[in-house]
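Just so it is clear, the model here is predicted, and its values are computed rather than measured. Numbered from 1 within each chain, the chains take letters A, B, ... in sequence-line order.
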There are 2 protein chains.
Amino acid sequence: MTNLLLRNIGELVTNDPALGDGSALGLIRDAALVVEAGHVVWVGPQASAPVTDVVQDLGGRAVIPGFVDSHAHLVFAGDRASEFTARMAGKPYAAGGIGSTVSATRAATDEQLTAQVARLVTEMRRQGTTTVEIKSGYGLTVTDEARSLAIARAFTEETTFLGAHVVPPEYAEDPAGYVDLVTGPMLQAAAPHARWIDAFCETGAFDADQARAVLTAGGAVGLGGRLHANQLGPGPGVQLACELGLVAVDHCTYLDDADVEALASSGTIATLLPGVEFSTRSPYPDARRLLDAGVRVALASDCNPGSCYSSSLPLCIALAVREMGMTPAEAVHAATAGGAAALGRVDIGRLSTGARAHYAVLDAPSYVHLAYRPGVPLVLEAVGR
Amino acid sequence: MTNLLLRNIGELVTNDPALGDGSALGLIRDAALVVEAGHVVWVGPQASAPVTDVVQDLGGRAVIPGFVDSHAHLVFAGDRASEFTARMAGKPYAAGGIGSTVSATRAATDEQLTAQVARLVTEMRRQGTTTVEIKSGYGLTVTDEARSLAIARAFTEETTFLGAHVVPPEYAEDPAGYVDLVTGPMLQAAAPHARWIDAFCETGAFDADQARAVLTAGGAVGLGGRLHANQLGPGPGVQLACELGLVAVDHCTYLDDADVEALASSGTIATLLPGVEFSTRSPYPDARRLLDAGVRVALASDCNPGSCYSSSLPLCIALAVREMGMTPAEAVHAATAGGAAALGRVDIGRLSTGARAHYAVLDAPSYVHLAYRPGVPLVLEAVGR
């Protein structure tokens, strides 16, 4: 079997604290890495690298694990650029704007939706993302949710059923009826195409009891649970997620002490989505507070046409450092190992022996440049999917 | 002579208010544009486009004038990633950090400096910048300033002599002697390679009298004047720039009412550099206040290894909208027509008849996406230099 040696890696982020400098990033300078059959089979200082069939010289560039974007809404049609412009002129963001994307998505053909997902996955890849979670949630009928997930499944194993995104207009007078639909026929149709189930627990979307019903129903058919919570204001979602032992709870913008304590004493990961706060001109979540309390943090894009039409993990890293008190090392770790943990994955988000060879080569000597050089497209190549 | 028709432009930003929707952007939907001999020879609705030799179909994408980055420091060696990390951990930015780049730049070969400029100009181009101003200012000896400008001149006509960047260590005890050097032998050696002269008028760099002496000396040998002012705190620079009738004064972060009034009643353009505030975690300049007072505003990158190692005008646009009260239209105008005006240019920064055909094709249906999709590399192609 052919093996490939990546040599002359100026700085290698392994995310294995047993390696290199012993930090959480497991940083090795002047490193090399051997790939065989899509996996990392050796990693270490270049000076002791084994002989291989093929050699690629990276010219001193930095290599990091591919970004794991654990929160993205890519199956939709249309855009909401004019809503964005209005918001920047002072109109506040509200969950209801999702309705316009639902109409456009329902009206789109499978081919149009597939092309849109393909375009965004390609765009993400150019920015270093090698794994992306993709949610449904703009169909909100049995048929449209199932087809959204079937389309997403062609691009990733990490598909998430988000029938409980908002109550669609036709159920405006009967939200309980909509929850019955989501937990009944819609879940049955969606489950074969999904790994996860999710709900938007927020004023204007679903309350804690409704979210609990959705997550419980999903769990009963074998879907892992995750939750949108505490994005637009304080709420019960974060504590609900911890109580249910979900792998991740996402947004976490408005947290009180009890929320932070619940996160710290649970295994639930707080996934922060700073592109949303950037694009809605909202206060950023306090990552420093979470990290200092011992909470495990992930960074993800939340790429969607309403609250954050950015697919850029490098931007999230720069924002996490500028606005949320994370160090560049913590931010890069959160966008790689953090995202992997938020998907319950141990085979990605790291570059040590046995991991999948999912990595990004930076046109920079250090991972720090992802924060130091904001906005600059620094990913030269992303490998693995 | 061969002419080229760009057809199926979903949205064309001409920056000519006599065209299209009559706004400052002179926006034409479903537009076409004809290029001949590097210039725009026709622009208008696609339905009335003339017949040409060659046709390129843009598939409904938006086309904007290439970005004109009127403030960049690209001739340097080394990077200051560790200074950045320390700053993000709480250490404040100070002008003195420039010294470490001066040492590295003096030690670099011409080839190394040329390669660095080439790399950054290429990176800028991939992000839509078709014209860039390049300053010296990391040499600070007669020889090193002259060679910095000679190297820059190979990449742009818009070269700026910035001997008055900071007082170098060897003149620490004799700043007046350094100003004599800058206005004497250094200016003589630099002037053949420069179009502009600039000074950093700030506590820790040069005071108003010193800046005035530098600008006056430059003017006497035919160099246009521009000034760094009011970046780190209030100061006399903005009013000095207006009094001297400079084409532009850059940073403008700390302004009092008299500064705004001086700008509004002069022809001097306020060039805002929000990448610096992002990268130094400083308060952003109040663009809204300036625009409402009738001040003309440009956006530029200030790409440099210390206070802002970003070359991204799209990021500047997103920040101007998110943080500085500009609309997406105002921000795109400021990064194109504004930058051109800040360089005294009427042949770029617009796409109407007679202009140079310097443009960027966006992988998006509207210029609004530059703010709506922060961090995403949306420039598909940049043409013209």
Side-chain angles (χ1 to χ4, degrees), chain A residues 11 79-90 119-120 122-124 126-127 274-275 277-281 301 303 305-306 308-323 325-329 331 363-379, chain B residues 11 79-90 119-120 122-124 126-127 274-275 277-281 301 303 305-306 308-323 325-329 331 363-379:
Chain A
E11 182 180 275
D79 77 45
R80 284 150 65 189
S82 54
E83 177 188 321
F84 170 80
T85 302
R87 186 165 70 236
M88 289 298 108
R119 187 176 70 79
L120 290 169
T122 303
E123 179 182 287
M124 287 175 152
R126 281 196 288 130
Q127 297 170 89
E277 280 77 32
F278 188 88
S279 293
T280 57
R281 205 183 277 138
S301 73
C303 183
C308 176
Y309 200 2
S310 178
S311 56
S312 174
L313 265 302
L315 178 71
C316 291
I317 289 168
L319 290 172
V321 171
R322 207 286 184 178
E323 305 288 359
M326 295 178 86
T327 66
D363 196 7
S366 170
Y367 74 86
V368 174
H369 282 226
L370 290 164
Y372 176 42
R373 308 208 61 209
V376 179
L378 288 180
V379 173
Chain B
E11 182 179 275
D79 76 46
R80 283 150 66 189
S82 54
E83 178 188 321
F84 170 80
T85 301
R87 186 164 71 237
M88 289 299 108
R119 187 177 69 80
L120 290 169
T122 302
E123 179 182 286
M124 288 175 151
R126 282 194 289 131
Q127 296 171 89
E277 280 78 31
F278 187 89
S279 293
T280 56
R281 205 183 277 138
S301 73
C303 183
C308 175
Y309 199 4
S310 177
S311 56
S312 174
L313 265 302
L315 179 70
C316 292
I317 289 168
L319 291 173
V321 171
R322 206 283 184 182
E323 306 287 0
M326 296 179 85
T327 65
D363 196 8
S366 169
Y367 73 86
V368 174
H369 283 227
L370 290 164
Y372 176 41
R373 309 209 60 208
V376 179
L378 289 180
V379 173

Separation between OG (B:Ser311) and CZ (A:Arg373), nearest 0.5 Å, reads 5.0 Å
All heavy atoms of B:Pro365 vs all of A:Asp79, minimum pair found to be CG-OD2, 3.8 Å
Whatever's closer than 4.5 Å to a heavy atom in chain A on B:Arg119 counts as side chain
From the list A:Gly275, A:Ser366, A:Ala371, A:Ala89, the residue making the most non-hydrogen contacts under 4.5 Å with chain B is A:Ala371
From the list A:Leu378, A:Val368, A:Val376, the residue making the most non-hydrogen contacts under 4.5 Å with chain B is A:Val376
Okay, B:Ala364 and chain A: the region with an atom under 4.5 Å from a heavy atom over there is neither
Next item on the list: Keeping the roles fixed (side chain from B:Tyr372, backbone from A:Pro305), state whether a donor-acceptor pair exists under 3.5 Å.
Entry: yes
Looking only at heavy atoms, the pair that brings A:Pro328 and B:Phe84 closest together is CG-CE2, 4.3 Å
Of the listed A:Ala318, A:Cys308, A:Ser279, the one with the largest count of heavy-atom pairs under 4.5 Å with chain B is A:Ala318
When the 4.5 angstrom heavy-atom criterion is applied to B:Pro314 and chain A, the contacting part is neither
Highest number of heavy-atom pairs under 4.5 Å with chain A among B:Met124, B:Gln127, B:Met88 belongs to B:Gln127
When the 4.5 angstrom heavy-atom criterion is applied to B:Ile317 and chain A, the contacting part is neither
Between A:Leu315 and B:Pro374, the two heavy atoms sitting closest are CD2-O, 3.4 Å
Whatever's closer than 4.5 Å to a heavy atom in chain A on B:Ala329 counts as neither
Check: Counting only N and O atoms by type, is there a donor-acceptor contact under 3.5 Å from the side chain of B:Arg281 to the main-chain atoms of A:Val321?
Finding: yes
Okay, B:Leu319 and chain A: the region with an atom under 4.5 Å from a heavy atom over there is both
When the 4.5 angstrom heavy-atom criterion is applied to B:Ala81 and chain A, the contacting part is both
